[in-house]
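These notes concern the structure reproduced below.
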Amino acid sequence: MNGVVLISGNGSNLQSIIDKANSIDLTICCVISNKTDAFGLKRAAKVGIPYVALDETLFDSKLDFDQEIMKVIDNYQPGVIILAGYMRILSADFISKYFGKILNIHPSLLPKFPGLNTHQRAIDAFEKKHGASVHFVTEELDGGPVIAQEFVNIDSTDNAQTLAKKVLDKEHALYPKTIHWYTQGRLKLIDKNTATLDKKTL
Ligand code: GAR
């Protein structure tokens, strides 16, 4: 299956997907960033994947920017759109156009801690466990049906940085695994609240 990956920064999840692309039946046809200096663009360039960086400061509105991204995406007719550290809220038009085809990885055990600064918020809330979630993207921010999660323990010595590293390590295995379910056609978004794996509700 052809996939487009959207990033904003380091792209370590992108790297884990690049490394496993063959074994998860995925061809990454383009990497798109909303930050021109995202390190992930270098990762794409290094392995010859086409990439596009759009400077978000040059667009008047969220919709203008997303329309440009949609033009790029539609050149490739991808079967899946993979958000990998894409730190920009998508417009309603974008989400409805590709409904059921957009996956995201989020660094918390959703529905806990949607949004930003998840690691510090988990520590501040005295959580004992934290982790990462892969979910379908719907209009509700970090609110689409969860597909799979991995957890880590929060130790008394952890701070936001050590916790972020632990969670990222889990993400690098979790995301390719769930993308593979999708490329195999096993994973479906039925409606904004329901996803199935092998026809069983998750
Ligand atoms: C990852 O932890 C990912 O879960 C998170 O950003 C990081 C990106 O790291 N995504 C979000 O917070 C999305 N709301 P990476 O650029 O090294 O893959």
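Counting convention: from 1, in listed order, for ligands and their atoms alike. FYI, side chains are in, hydrogens and waters are out, and symmetry mates aren't considered; it's all heavy atoms of this structure. What you are looking at is a predicted structure, and each value in this text was computed from that prediction instead of being measured.
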- Just checking, any donor-acceptor pair under 3.5 angstrom between side chains of Lys129 and Asn153? yes
- Message: Listing request: all ring-ring contact (aromatic ring centres under 6.0 Å, His included) pairs with a residue in residues 168-189, at least two apart in sequence or in separate chains.
- Response: none
- Taking only Lys NZ, Arg NE, NH1 and NH2, and the carboxylate oxygens of Asp or Glu, determine whether Lys62 and Asp93 approach each other closer than 4.0 Å. no
- Message: Does this structure show an ion pair linking Lys166 with Asp155, if we count only N-O contacts that are shorter than 4.0 Å?
- Response: yes
- Query: Who's touching ligand 1 if we go heavy atoms under 4.0 Å?
  - Reply: Asn10, Gly11, Ser12, Asn13, Gly85, Met87, Ile105, His106, Pro107, Leu168, Glu171
- Message: Could you list the cluster mates of Val146? Members are the ILVMFWY residues connected by side-chain heavy atoms closer than 4.5 Å, either directly or through other members.
- Response: Leu110
- Item | Members sharing Leu168's hydrophobic cluster (side chains within less than 4.5 Å) | none
